[in-house]
Chemist: 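Encoded as structure tokens, here's the structure I'll be asking about.
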Amino acid sequence: MFPLENAVLCRESQVSTLMALFGERHHFSFPSIFIYGHTASGKTYVMKTLMKTSELPHVIVNCVECFTSRILLEHILNQLNCLTPSKDECTSHIACDSFNDFVRLFKKVTQDQGVDDQTVYIVLDKAEYLREMEANLLPAFLRLQELTNRNVTVIFLSQIVWEKFRPNTGCFEPFIMYFPDYSIGHLQKILSHDHPPEYSADFYAAYINILLGVFYTVCRDLKELRHLAALNFSKYCEPVVKGEANERDTRKLWRNIEPHLKKAMHTVYLREISSSQWEKLQQDDTEMGQLKGLSAHAHVELPYYSKFILIAAYLASYNPTRTDKRFFLKHHGKIKKASFMKKHEKTSNHLLGPKPFPLDRLLAILYSIVDSRVAPTANIFSQINWIIYISTNSTSLCLTLHSISNSCHFHILFIFITSLVTLQLLTLVGHDDQLDGPKYKCTVSLDFVRAIARTVNFDIIKYLYDFL
Amino acid sequence: MISWFCSFHLASVHILNQALEELMEIKQVRENVLQVHLNGLLQTNDKIALKEITKQLCLENVVGDKIFGTFAENLSFLLEALKKGDRTTSCPVIFILDEFDLFAHHKNQTLLYNLFDISQSAQTPVAVIGLTCRLDILELLEKRVKSRFSHRQIHLMNSFSFSQYLKIFKEQLTLPEAFPDKHFTEKWNETVQGLSEDKNVKDVLLKHFHASKDLRSLHMLLMLALSHITSSRPFIIPTDLIEANHLCSMDSKANIVHGLSVLEICLLIAMKHLNDIYQDEPFNFQMVYNEFQKFIQRKAHSVYNFEKPVVMKAFEHLQQLELVKVMERTSVNTQREYQLVKLLLDNNQIMDALQKYPNCPTDVRQWAASSLSWL
């Protein structure tokens, strides 16, 4: 058991329970075992290591890779065929159409491979995807021992609890086992295990301590933490490498790494930038302020009018229609406060999401906010005398306006709006065949539109109903 | 045609097998009667079922490549082929249909209809035995199939009392006489006797009996207890059973909550508060984030004010674990922050899980326990 214990840290009791369940090779074990626990809690790793070191005949299948029953069953049979190394058997591919064939072929293959006197283990990883495959797969695998009348045990690994798997009409209940999450002490131990040989274990352990201090409240996933540890270690070692501090200067090292880790949380943890970009940034030693994110909204340069269209769209989405008069008309007179003020916090539009608005409302608000901001010579809206409707067919403009010379301005406007839709800053709501014209919705966040508004010197908060 | 109901599937199969064994001891039966075993999990449609029947009756060479019009023709051809030499009667066949209710879901219930039809019309002596766990099996059958059913039903139900349950417990654990090590067998059986008289063990078994009379769950309990046996400790002690019971009755969702990060716990508490205030109406991420912000601004000392995308990632992790479920299929137009979701844990589960949560910051705990006084 010694090599196994060293390979599998902090999971000794789970391993011993499994070994006790498996028993001797020729013993029949429980027909099905269901193991659940968080991701990166070692389920797949422990299973793989256990099977390999104990040299048990097994097949490990990932239900994400084998997403149909046919692929899954064929994969299992072909893996079984390759259990005892023999060249010609491995190359022939077994085809399997249905579970009925699978049972028959399974009996044949285990006999050919000479493993029908010992327990064969079938491990189904990411077993939650079995629920979306054919309905008979899960109940049949639970009973595989009975259906094939052979010594086989099926092990299910999943992060979803068993109650969500159970079919409505009942099934054979598997033996349920829980892999507990790693405690902070366990995480420290496992992460400190892969320290690079150039540095001492204590030095690395101190680094892991700092890393956990920053990330533990947000994320306990071992894989993520390992990834972050690997990415940021070179930055941590920088003061030591440059000679500014030695290995024991914990305060200096901490001051160097802490802002860096906080930045990592906003970028590489969220996969806003890729790991290679992050590493490059560390090497270049550039100022962290100019990080270009991967998400669409991080860096968009919009033309001047598009910015106003976006702001108008945001106002149209988040202000109720009845408040338009108060915000956008120059002389709105007295508005009764009672009907105006919001009654209930829950109806804050910022909590419910953007509402769709018709195009003419957008244009009306746009006209109102642009009106005073544009130099007279460039005032392209000054010739509007009527409200126009633009049909959903972008190639035909239906004008009730008598000054046709202005039609090209509205083409341009429509192009701006469509380009915003392509950038996914606006979305088109509803179908093409609706008669009352296209409706749009603004899908940007408040922070983004505030940043945009700042660049054109527009105080958007003044115009938002929710911030009155 | 007989249909058997049994809540413990293996028992019915076992009983049936024993009955068949006894039947096969009669020479005349053994030499003439054929058996066909079908299972609803394996034969998922009638075509596969027919192929399986052909195989089990060893009639592949007879059927060959013949193409048949209907299922009925195919089946009757098969049964015709079983006619023996000079006698005008053909071989009697017993059809055993395991997971019988699944056959009722096949298209038009063709297989069932034809089997029952043949057994009714006395062309070939055929007996059909169906095994199922569903009591409402007759409602699943179509009218024409139901009319051909003989309505002979045998129910196998667990109707034993607690004292019988205790006896079964003792029997299951007792080693048989045939066990090689006589000395060990004696000692073992003594400990088993001691266990069945121990008060704590009886309490555990009573709790288990009240939860489920099913023998399968008893087996699970015993398996868990037996897994503690090692060569250094070769006998079961009462603590093993108490621990095993504890493991059996664990709340799996609480275990999952145990492994969440502090930020995710805060989101769960925010959702709990939303449920309390708005009487379980569905909410979206933006509302949850809003609640979380209120906590951060007013009372949090130990929880850092994380940025929105980081909180979103934690929220998505909860969705991945199926603790939070999206209400309807998302239309492409709705942003992720505004999709309506529901929390799949109730307040008691959350509060219990928080008790066991390791190193829970005090202000988070207090926030969970506080009520509407927040607003």
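Just so we're on the same page: letters track the sequence lines, and every chain starts at 1.
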Chemist: Can you tell which part of A:Asp181 gets under 4.5 Å to a heavy atom of chain B, answering side chain, backbone, both or neither?
Modeler: side chain
Chemist: So, the side chain of A:Asn136 versus the backbone of B:Leu41: is there a donor-acceptor pair under 3.5 Å, distance only?
Modeler: yes
Chemist: Please classify the contact between A:Tyr36 and chain B as side chain, backbone, both or neither, with a heavy-atom cut-off of under 4.5 Å.
Modeler: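 It is the side chain, since no backbone atom gets that close.
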Chemist: Tell me, side chain or backbone of B:Gln320 under 4.5 Å from chain A's heavy atoms, or both, or neither?
Modeler: both
Chemist: When you compare the side chain of A:Glu146 with that of B:Asp98, does any pair of heavy atoms fall below 4.5 Å?
Modeler: yes
Chemist: In this structure, are over 12 heavy atoms from other groups packed under 6.0 Å from B:Lys47 atom NZ?
Modeler: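 It does not: B:Lys47 NZ has 12 such atoms or fewer within range.
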Chemist: Heavy-atom count around B:Tyr338 OH within 6.0 Å, excluding the residue itself: above 12?
Modeler: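 Counting neighbours around OH of B:Tyr338, more than 12 heavy atoms of other residues, nucleotides or ligands fall under 6.0 Å, so yes.
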Chemist: Does any part of the side chain of A:Leu352, heavy atoms only, come nearer than 4.5 Å to the side chain of B:Met287, both counted from C-beta?
Modeler: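 Answer yes - side chains close enough.
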Chemist: Please find the pair of heavy atoms, one from A:Ala20 and one from B:Ser227, that lie closest to each other, and give the distance.
Modeler: CB-O, 3.6 Å
Chemist: I need the minimum non-hydrogen distance between A:Glu173 and B:Met220, along with the two atoms involved.
Modeler: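 Shortest heavy-atom separation between A:Glu173 and B:Met220 comes out as O-CE, 3.9 Å.
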Chemist: With side chains defined as the heavy atoms from C-beta onward, is the minimum distance between A:Phe102 and B:Leu42 less than 4.5 Å?
Modeler: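 Not touching, per the 4.5 Å side-chain cut-off.
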Chemist: With a 4.5 angstrom heavy-atom cut-off, is it the side chain or the backbone of B:Phe285 that approaches chain A, or both, or neither?
Modeler: neither
Chemist: Give the intermediate values and the outcome of salt bridge (charged side-chain N to carboxylate O under 4.0 Å, His left out) for residues B:Glu307 and A:Lys262.
Modeler: CA-CA 11 Å; B:Glu307 301 226 324; A:Lys262 286 251 153 74; over 6 Å; no
Chemist: Which atoms of A:Tyr178 are under 4.5 Å from chain B, going by heavy atoms: the side chain, the backbone, both sets, or neither?
Modeler: side chain
Chemist: Could you tell me whether B:Lys51 atom NZ has more than 12 heavy atoms of other residues or ligands within 6.0 Å of it?
Modeler: no
Chemist: Starting from the C-alpha separation in whole Å, work towards a yes-or-no answer on side chain to side chain contact (heavy atoms under 4.5 Å, CB included) for B:Asn290 and A:Leu351.
Modeler: CA-CA 8 Å; B:Asn290 207 32; A:Leu351 288 182; 3.7 Å; yes
Chemist: Do other residues, nucleotides or ligands put more than 12 heavy atoms under 6.0 Å from the NE2 atom of B:His246?
Modeler: no
Chemist: Count the heavy-atom pairs under 4.5 Å between each of A:Thr169, A:Leu270, A:Thr39 and chain B, then report the option with the highest count.
Modeler: A:Leu270
Chemist: May I ask you to say whether A:Arg271 pairs ionically with B:Glu316, meaning some side-chain N is under 4.0 Å from a carboxylate O?
Modeler: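 No salt bridge links A:Arg271 with B:Glu316.
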Chemist: CZ/A:Phe175 to CE/B:Met223 distance, rounded to the nearest 0.5 angstrom?
Modeler: 6.5 Å
Chemist: Ion pair present between A:Arg104 and B:Glu52, side-chain N to carboxylate O less than 4.0 angstrom?
Modeler: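 The answer is no: the pair does not qualify as a salt bridge.
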Chemist: Is B:Met250 in contact with chain A via its backbone, its side chain, both, or neither, using a 4.5 Å heavy-atom distance?
Modeler: side chain
Chemist: Are A:His38 and B:His317 close enough, and set up right, to give a side chain to side chain contact (heavy atoms under 4.5 Å, CB included), and what steps lead you there?
Modeler: CA-CA 10 Å; A:His38 280 271; B:His317 185 222; 4.2 Å; yes
Chemist: Can you tell if the side chain of B:Lys313 reaches within under 4.5 Å of the side chain of A:Met265, non-hydrogen atoms only?
Modeler: no
Chemist: Where does B:Asn284 contact chain A at under 4.5 Å (heavy atoms): side chain, backbone, both or neither?
Modeler: side chain
Chemist: Could you check if a side-chain atom of A:Glu163 sits within less than 4.5 angstrom of a side-chain atom of B:Ser252, using non-hydrogen atoms only?
Modeler: yes
Chemist: If you tally heavy-atom pairs under 4.5 Å against chain B, which of A:Thr17, A:Leu21, A:Val103, A:Leu147 wins?
Modeler: A:Leu147
Chemist: Over all heavy atoms of both residues, which pair between A:Val218 and B:Ser261 is shortest? Give the atoms and the distance, please.
Modeler: O-OG, 2.9 Å
Chemist: To check you understand the geometry: which heavy-atom pair defines the closest contact between B:Val262 and A:Arg220, and what is its length?
Modeler: CG2-NH2, 4.2 Å
Chemist: Does B:Gln43 reach the side chain of A:Phe99, with side-chain heavy atoms less than 4.5 Å apart?
Modeler: no
Chemist: Taking the side chain as everything from C-beta on, heavy atoms only, tell me whether B:Glu322 gets closer than 4.5 Å to A:Lys164.
Modeler: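 In contact.
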Chemist: With the side chain counted from C-beta on, respond yes when A:Arg143 and B:Asn39 share a heavy-atom pair under 4.5 Å apart, and no when they do not.
Modeler: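 Side-chain contact under 4.5 Å: no.
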Chemist: Taking every heavy-atom pair that is under 4.5 Å apart, which of A:Ser183, A:Pro354, A:Pro356 has the most such pairs with chain B?
Modeler: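 Max contact count across the listed options: A:Pro354.
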Chemist: Between B:Leu263, B:Asn255, B:Leu260, which residue shows the highest count of heavy-atom pairs closer than 4.5 Å to chain A?
Modeler: B:Asn255
Chemist: Tell me which of these, A:Thr217, A:Asp97, A:Val161, A:Ile176, has more heavy-atom pairs under 4.5 Å with chain B than the rest.
Modeler: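 If we count pairs closer than 4.5 Å to chain B, A:Thr217 comes out on top.
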